[in-house]
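Working notes for the structure below.
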Amino acid sequence: MNKREIDPARAELELERELTKEKSVEQSLPQQIVSLKERLFQQAVELKKVKATLKESEERFNQVAAMTGEWIWEQDDKGHYTYSSISVDAVLGYPWQALIGRCYEEFIPIEEQEKLRSKMRQGVETGQGFQHLIRRYRHRDGHLVFTESTAMPVFDEQNSLLKWRGIDRDITATRRADELVFMLSRALEQSPNAILITDLKGNIEYVNTSFTRLTGYEAKEVIGKNPSLLQSGKTPLEQYRRLWETIRAGREWRDEIQDRKKSGELYWALETITALRDGEGNPTHFLAIQEDITERKRVEAALRESEAQTRLIIENALDAIVLISANDSITDWNPQAEKTFGWKREEVLGLSLAETIIPPRHREAHWQGLRRFLNTGKGPILGKRVELSALHRDGHEFPVELTVLPLKVRNSYVFSGFLRDLTQQKETEEAIRQARVKLAVAQNEMRIAQQIQESLFPPAPLVLPTVKIMGYCLPATHVGGDYFDYFQWRDKTIDIVIADVSGHSVGPALLMAEARSALKSQFHLHRTVVETLSSLNETLYEDLDRADLFITLCYLRYDMVMRQLTYANAGHLPPLLFRQGQRCRQLDADGLVLGVNREVIFETRSESLQPGDMLFLYTDGIIEAENKKGDFFGIERLCDLLNEHHQAGSEPQEIITNIIERLQAFRHRKTFEDDVTMVVVKVL
């Protein structure tokens with residue numbers, strides 16, 4: 001037996017204690033399980049709240065991004081989008097899901113991809129990314145979107161590029177506004193009229209170069225001063241009083257005024273003054289435009305002097321001169337007529353010619369001849385020398401040699417009767433003949449100019465296995481300032497050009513011919529479209545600047561093998577692209593009109609063409625054709641009409657003919673105020 005003997009009572013007590021302890025544990029176990037379940041439930045509730053908070057935060061984040069116009073994104077190291085805020089829809093027109101997994105290069109112009117890749121490589125090398133970078137994206141509908149972009153690279157623990165994070169802010173509206181401000185500024189500076197802007201007190205704040213050219217004052221000499229420094233002292237003070245009353249009442253003032261240049265020389269101006277207003281309609285400045293009419297006033301004075309001289313000649317003529325209206329009333333009677341017929345001028349004005357100087361037996365024939373001419377435009381004695389018997393006031397008849405000439409004044413006629421001896425009558429007839437010869441020569445020269453200009457256009461459509469091209473030009477007058485051309489070179493490439501010289505008639509037609517010659521000289525050099533436009537602008541700049549004209553021009557080059565269209569634009573209307581299943585799309589490219597600046601940067605852009613595509617090039621004479629109500633034909637009507645033809649597969653000739661017919665029907669006239677030119681390109 002062991003030294004320590006087992007005490008049965010003690011052993012029984014310990015056993016009882018153990019059993020009690022186990023029973024206690026068994027009783028407490030369900031309570032612990034319940035407590036654990038409650039803690040897990042509470043944790044689940046908290047987790048749900050956290051998730052809801054995160055979702056709400058993300059929604060607020062997207063709302064803020066959308067309201068600020070900022071698009072937040074992430075790209076992997078290959079340039080594929082892994083995250084995009086929903087505000088991308090407002091920037092690019094795509095839902096954010098459409099970007100995930102796609103490369104950023106799909107959304108930017110081809111010509112800018114290498115430049116952006118270089119910028120991103122530089123950002124990775126420096127680890128600084130880039131800030132405030134101006135980027136251009138292609139919107140879902142095809143137009144360009146300008147953004148200000150800031151992006152940072154993210155690296156892993158081994159300093160390898162992991163991803164990019166960036167923010168783009170849409171600045172398209174600001175960019176367009178800046179461009180508009182620039183164009184308006186250039187318009188002010190290049191306006192042929194003198195322009196000055198004052199504050200409401202009349203202090204000058206701005207003058208353009210034409211103001212300096214007209215007045216001789218440099219801008220620094222007049223800024224802050226009152227326009228009264230131009231006053232000549234010849235204009236009545238009452239006119240100035242009415243001027244200020246008019247513009248302060250918010251109305252436009254327009255009148256002729258005589259001012260003085262810096263040199264002291266007087267000049268005449270047709271001046272228009274109006275108030276410039278803020279967004280709430282409150283006047284902030286006054287705008288004054290002065291058109292130099294000094295030469296016009298000189299011509300008017302000369303005309304008045306000429307009229308006075310003509311009157312003096314009539315009054316002192318040795319032949320009798322009589323004017324009658326279409327109803328046979330005498331309207332003029334010179335002193336020699338008084339001597340010839342015995343009637344004073346004041347006695348016969350308003351009386352019938354037949355009842356004063358025509359013998360009674362000839363009066364019926366006179367009235368019949370007058371009525372016949374008014375109905376048919378024909379008269380047997382008009383413009384001829386005829387010997388007739390005339391009636392003196394005292395009743396006796398005498399022979400006269402008479403020439404009667406009709407002159408159309410507005411919607412009626414005035415007849416001039418010359419009663420003269422043979423010598424003076426021959427001199428008068430010779431003068432009339434010379435005038436008619438000059439008119440005939442001028443008209444013939446215009447016909448020759450028209451024939452020459454028509455010969456400058458392509459003689460026939462260009463029809464190839466992969467493309468059909470046809471153009472048409474309808475000048476507003478005999479000759480116009482529009483131009484189009486197309487030609488094939490290098491066997492696989494076609495160049496297409498359309499241009500519009502500002503204005504029409506002879507001057508723009510000459511500049512159009514010069515532009516065509518300059519353009520033709522570029523062909524053998526095999527330059528790009530941008531190089532061609534830049535060279536053309538440099539060649540024509542001085543002539544256009546002296547003529548105060550400009551040229552809009554669109555240049556396209558089509559690679560028939562690659563089916564790739566490359567184009568650049570010098571301020572011309574963008575060509576229209578029609579493709580099955582898509583709406584009309586404008587192919588625009590940035591570029592200033594030719595003849596404004598000597599150095600211009602032109603944007604080159606590309607477009608892949610498909611069989612069935614149709615291009616339409618045109619000048620503003622089509623969309624600005626105006627009807628009697630003052631409505632323009634417009635781009636929407638044009639696109640709808642062309643879309644109908646595209647869907648129907650119409651040939652170029654049918655399209656051109658129908659457009660001309662629609663324009664004439666829209667205007668209810670066969671003629672146009674501006675040149676109408678178009679080119680149709682069908683891809684086969």
Side-chain angles (χ1 to χ4, degrees), residues 176-177 179-180 183-184 186-188 190-193 195 246-247 249-256 270-279 281 283 287-291 293 296 410-411 472-482 498-509 548-552 554 571-576 583-584 586 588 593 616-645 655-679:
R176 298 301 185 198
E179 292 176 352
L180 178 59
M183 287 191 293
L184 292 176
R186 295 302 299 168
L188 287 176
Q190 296 176 19
S191 171
N193 297 328
I195 297 176
T246 301
I247 63 177
R251 301 190 304 273
E252 178 183 274
W253 182 85
R254 181 180 176 87
D255 203 350
E256 295 179 358
L270 177 60
E271 186 163 16
T272 302
I273 304 178
T274 188
L276 300 179
R277 302 178 182 277
D278 58 20
L287 169 68
I289 302 174
Q290 283 196 341
E291 178 186 353
I293 59 171
R296 194 193 80 187
R410 297 183 179 87
N411 296 323
Y472 178 78
C473 178
L474 178 61
T477 57
H478 288 85
V479 292
D482 283 2
I498 189 167
D500 185 1
V501 183
S502 56
H504 47 269
S505 194
V506 178
D548 200 21
L549 296 172
F550 61 86
I551 298 177
T552 68
C554 184
H572 196 78
L573 295 172
L576 303 178
R583 60 184 179 182
C584 170
Q586 296 183 344
D588 200 4
V593 297
F616 186 78
L617 291 71
Y618 61 104
T619 59
D620 56 11
I622 294 179
I623 61 174
E624 293 181 2
E626 190 175 2
N627 63 15
K628 295 180 179 179
K629 297 180 180 179
D631 298 326
F632 291 121
F633 190 78
I635 187 67
E636 292 184 3
R637 285 191 180 91
L638 178 61
C639 285
D640 291 342
L641 176 58
L642 289 169
N643 188 61
E644 292 176 6
H645 282 289
I655 295 173
I656 290 172
T657 301
N658 188 243
I659 288 177
I660 295 298
E661 291 174 350
R662 289 288 189 91
L663 288 173
Q664 291 173 338
F666 178 78
R667 284 174 48 79
H668 297 286
R669 294 179 62 183
K670 294 292 185 181
T671 59
F672 299 92
E673 301 296 330
D674 197 3
D675 306 331
V676 172
T677 303
M678 66 193 88
V679 177

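All values reported here derive from a predicted model rather than from experimental measurement.
- Between L641 and I659, some side-chain heavy-atom pair lies under the 4.5 Å cut-off.
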(request) Quick one: do E252 and T272 satisfy side chain to side chain contact (heavy atoms under 4.5 Å, CB included)? Show the steps, please. (result) CA-CA 7 Å; E252 178 183 274; T272 302; 3.6 Å; yes
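- Looking at M678 and I622, their side chains come closer than 4.5 Å, going by heavy atoms from C-beta outward.
- Contacts of E661 classified as side-chain contact (heavy atoms from CB on, under 4.5 Å), with partners at least two apart in sequence or in another chain: T657, N658.
- Residues S502 and L549 approach most closely at OG-CD2, 3.2 Å, considering heavy atoms.
- Only one option out of I289, D255, I293 pairs with L270 in a side chain to side chain contact (heavy atoms under 4.5 Å, CB included); it is I293.
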Let me have the donor-acceptor pairs involving side chains of residues 662-669, under 3.5 Å, with sequence neighbours excluded, atom names and distances please.
{"residue": "Q664", "atom": "NE2", "partner": "K670", "partner atom": "O", "Å": "3.3"}
{"residue": "R667", "atom": "NE", "partner": "T671", "partner atom": "O", "Å": "3.0"}
{"residue": "R667", "atom": "NH1", "partner": "E626", "partner atom": "O", "Å": "3.0"}
{"residue": "R667", "atom": "NH2", "partner": "T671", "partner atom": "O", "Å": "3.1"}
{"residue": "R669", "atom": "NH1", "partner": "E673", "partner atom": "OE2", "Å": "3.4"}
{"residue": "R669", "atom": "NH2", "partner": "T671", "partner atom": "OG1", "Å": "3.2"}

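- Counting heavy atoms from C-beta on, the side chains of L287 and I195 come closer than 4.5 Å.
- A pairwise comparison of heavy atoms in I273 and A288 identifies CG1-CB, 3.9 Å as the closest pair.
- In terms of heavy-atom proximity, C554 sits nearest to P575 at SG-CG, 3.6 Å.
- Counted by atom type alone, T619 and D482 present one or more donor-acceptor pairs between their side chains at under 3.5 Å.
- By the 4.5 Å heavy-atom criterion applied to side chains, I498 and H572 are counted as neighbours.
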(request) Step by step, work out the side chain to side chain contact (heavy atoms under 4.5 Å, CB included) result for I655 and Y472. (result) CA-CA 11 Å; I655 295 173; Y472 178 78; over 6 Å; no
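- Side-chain contact check for E256 versus R296: some heavy-atom pair is nearer than 4.5 Å.
- Closest of all the heavy-atom pairs between G481 and D675 is N-OD2, 2.7 Å.
- Within the 4.5 Å cutoff, side-chain heavy atoms of L576 are placed close to those of I635.
- Here the shortest heavy-atom pairing between D548 and P192 reads OD2-CB, 3.6 Å.
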(request) List the steps and the verdict of side chain to side chain contact (heavy atoms under 4.5 Å, CB included) for F616 and V679. (result) CA-CA 6 Å; F616 186 78; V679 177; over 6 Å; no
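- The side-chain heavy atoms of L573 and I623, taken from C-beta on, include a pair separated by under 4.5 Å.
- No donor-acceptor pair closer than 3.5 Å links the side chain of D620 to the backbone N or O of E624.
- Closest approach of P283 to R277, counting heavy atoms only: CD-NH1, 3.5 Å.
- Within the 4.5 Å cutoff, no side-chain heavy atoms of F550 are placed close to those of Q190.
- S191 OG to Q290 CD: the interatomic distance, rounded to the nearest 0.5 Å, is 11.5 Å.
- For the atom pair E644 CD and C639 SG, the distance stands at 11.5 Å (nearest 0.5 Å).
- Atom CH2 of W253 and atom CD of E271 lie 5.5 Å apart (nearest 0.5 Å).
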(request) Check the pair Y618 / L638 against side chain to side chain contact (heavy atoms under 4.5 Å, CB included), numbers first and verdict last. (result) CA-CA 10 Å; Y618 61 104; L638 178 61; 4.1 Å; yes
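- No side-chain donor-acceptor contact under 3.5 Å links H645 to the backbone of I656.
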